[in-house]
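What you are looking at is a predicted structure, and each value in this text was computed from that prediction instead of being measured. The sequence lines fix the lettering, A, B, ..., with proteins before strands; numbering per chain opens at 1.
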Amino acid sequence: MLLWTKPGKIVTWIAFALVFGVLVLAPFIVVAAAAFAGSWNGVFPSSPTTSHLAEALSGDELASLTVSLQTAFLGGLLAVVLGTWAALAARNAPKPLARFADALHHLPIAVPSVVVGLSLLVAFSRQPVLLNGTKWIVVIAHLVLMVAFSYGTVAAALQRTNDAYAEVAASLGASPARVLWQIRLPMLRPAIVSAASLSIALSMGEVGATIMVYPASWRTLPVSVFALTDRGQTFTAAAESLVLLAVTVVLVVTLDRLRGRSVER
Amino acid sequence: MTVRLEDVTVRFGQTVALEGLDLTVAAGETVALLGPSGSGKSTALKAIAGFVRPSRGRIWLAGADVTDVPPARRGIGVVVQQYALFPHLRVADNVAFGLRAARKPKAEVARRVAEVLEMVGMAKYARRYPRELSGGQQQRVAIARALAIQPPVLLLDEPLAALDAQLRADMLGELQKLRREVPDVAIVYVTHDQSEALALADRIAVMRDARLVDIAPAADLYSAPPSAFTASFLGGANLLPVEVVEGGVRLAGQTLAGLRPQAATLPGDAGGASYQGAGRSGAGGRSEALLLCIRPHAIKLSDRVGEADAVGERGEGGGATAGDSWPGVLVGAQWRGASSRLTCVIDGLPAVSVQVDVPTGECLPEVGAKVSIELPVEACTLVAAEGR
Ligand SMILES: Nc1ncnc2c1ncn2[C@@H]1O[C@H](COP(=O)(O)OP(=O)(O)OP(=O)(O)O)[C@@H](O)[C@H]1O
Ligand SMILES: [Mg+2]
């Protein structure tokens with residue numbers, strides 16, 4: 001009712017602008033401003049400088065960026081491969097087993113990431129698998145968290161595809177491998193690329209589990225941001241955040257391009 | 001190549017989708033599987049193709065047991081209900097898929113693709129993607145893809161169901177032409193449309209509730225349906241309850257002479273016996289429930305007032321005198337273009353309406369008029385009533 005009157009509309013729009021502007025947009029603007037601020041004592045920042053950004057792109061901080069990228073690609077790629085594989089397998093598995101796999105893959109979404117990190121730390125800090133102190137424990141933590149999303153995305157797409165395609169392909173004489181590579185996977189390509197970009201974006205921003213397990217030699221960008229802020233270097237942290245944001249956006253947009261024309265039916 | 005199914009039963013959990021199907025399709029023969037929705041037609045096709053494994057029974061191709069052979073090694077061409085063209089491949093690549101799977105040389109693939117696309121009139125569209133084609137064009141590509149591998153057996157699952165009436169009629173003609181171009185292929189054609197089955201099939205297998213009810217050459221099944229279900233499903237026959245009496249049958253208190261049940265018209269010999277609880281009790285038995293079966297176009301109708309120029313040639317009029325005419329009332333009329341569908345009831349049989357087709361151009365009685373309904377004895381057959 002409110003929406004149909006002119007004042008009603010205005011009120012609604014103002015409310016929306018306030019919520020969106022204050023809670024979502026303003027923090028971004030403030031971070032961007034802080035990244036270039038020499039000092040910020042009044043309402044507005046003063047003495048603009050690019051030294052924070054330069055700092056964020058050199059030495060330890062630059063290393064953090066490459067660490068983050070490597071972790072995201074390694075963990076994300078593995079997550080997509082495993083998630084796709086699991087989704088395909090669950091599709092052909094007996095019902096109870098498929099339901100079990102479904103539930104299992106939802107676990108990392110439901111469990112707080114700090115708990116995931118802690119359990120990995122406890123599990124891999126002793127024999128027989130000693131990974132604590134290596135980069136692999138970080139990659140595994142990311143993999144565990146991302147595989148759930150990959151599985152979910154691909155399984156949802158699989159649910160919408162008809163078995164008839166694979167059946168017809170088989171009747172035309174195609175081996176199971178040919179059916180997989182030439183029919184099933186190409187038809188799932190949009191979902192697989194979505195899963196990849198989601199995994200990479202999430203991995204680039206992951207803190208909760210990473211902070212529990214990371215060794216000094218393998219510090220990801222968000223952890224650096226956290227550490228810098230902790231030490232009071234807010235402006236440098238802001239500059240790093242800006243770098244993180246830019247890199248993630250570029251990655252996701254590039255992957256989205258890769259998806260190309262949608263071939264899903 | 002002959003396809004033979006022996007007692008094939010398919011269960012999905014608790015559902016029995018196909019029960020004890022026995023069927024043989026010879027090389028060069030077209031058999032239509034005809035039946036209402038959910039009667040197990042697609043399931044039968046999937047069993048032949050190898051997409052589902054029968055829980056009981058065996059399937060033979062050219063004398064070899066293929067029950068446990070995967071679809072990829074059966075070499076059967078399949079066109080499924082929704083075509084299932086691979087959306088990410090162009091028309092030519094769709095058609096080439098089977099040839100490439102068989103690792104045929106490039107030149108041969110190209111030649112064969114061009115050949116089958118030409119055969120279905122789709123050569124112009126080789127570079128298109130499936131989503132850029134109309135329903136009828138997609139259907140042709142699906143057929144071309146199945147024919148490309150030169151299968152000795154072709155399975156078609158309601159290939160025309162998704163098309164509109166006009167296109168369906170056109171495609172029916174094309175399928176007839178195609179049939180002549182692949183004379184040695186055994187074809188199983190699934191449909192729930194009786195006109196498709198009559199137009200294309202050498203033999204029609206009528207299915208119901210997962211079972212084969214009747215199977216016979218199309219003409220025989222139409223002119224002398226072995227069961228009440230087939231009679232009404234194939235051509236919408238009138239089914240009128242009768243009793244066997246001395247020298248004929250009795251319908252609504254009047255005797256139709258010269259019609260007697262024959263062993264051949266009784267059910268049980270085509271595997272559908274379980275539906276006709278009353279039917280089996282024997283040829284010539286007197287007490288069993290029988291139905292007189294007659295096609296709507298075979299019935300002649302005339303005004304009961306008895307003018308000589310009425311629809312029937314029987315100028316006598318006055319229903320009582322005619323040996324095979326019954327007095328009745330016309331209760332409805334529907335014009336259908338080339339003919340009119342009239343609905344009558346016979347006096348004394350109010351529960352059963354009789355459908356009559358009269359060609360357009362003949363003069364029709366008014367709705368509500370008293371009419372005389374003539375059932376020519378040579379157009380009548382008897383079938384057992386179903387035991388329900
Ligand atoms: N995969 C399946 N799982 C469970 N039940 C199934 C499955 N496929 C078919 N059925 C059941 O088996 C029966 C026969 O199905 P089928 O697809 O063979 O029917 P149909 O004669 O082809 O019908 P239509 O004309 O609607 O295509 C139906 O009752 C259906 O519900
Ligand atoms: Mg079907």
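Using a 4.5 Å cut-off between heavy atoms, B:I149 contacts chain A through its side chain alone, with no backbone atom that close. Of the atoms belonging to A:A166, not a single heavy atom falls under 4.5 Å from chain B.
To the nearest 0.5 Å, the span separating CG on A:L172 from CG on B:N94 amounts to 9.0 Å. Rounded to the nearest 0.5 Å, atoms CZ (B:F97) and CD1 (A:I183) are 4.0 Å apart. The structure places CZ of B:R100 at 8.5 Å from CD of A:Q182, a figure rounded to the nearest 0.5 Å.
Counting non-hydrogen atoms of other residues, nucleotides and ligands closer than 6.0 Å to CZ of B:R73 gives a total of 12 or fewer. Atom CD of B:E118 has 12 or fewer neighbouring heavy atoms from other residues, nucleotides or ligands inside a 6.0 Å radius. For A:Q159, the CD atom sits in a loose shell: 12 or fewer heavy atoms of surrounding residues, nucleotides or ligands are nearer than 6.0 Å.
In terms of heavy-atom pairs under 4.5 angstrom with chain B, the leader among A:A164, A:S171, A:P176 is A:S171.
Within the 3.5 Å criterion, the main-chain N or O of A:R189 finds no donor-acceptor partner in the side chain of B:H88.
Nearest heavy-atom pair across B:F86 and A:Y165 is CE2-O, 3.4 Å.
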Checklist entry - What do the steps show when you test A:E167 against B:V78 for side-chain contact (heavy atoms from CB on, under 4.5 Å), and what is the final call? => result CA-CA 9 Å; A:E167 287 178 352; B:V78 186; over 6 Å; no

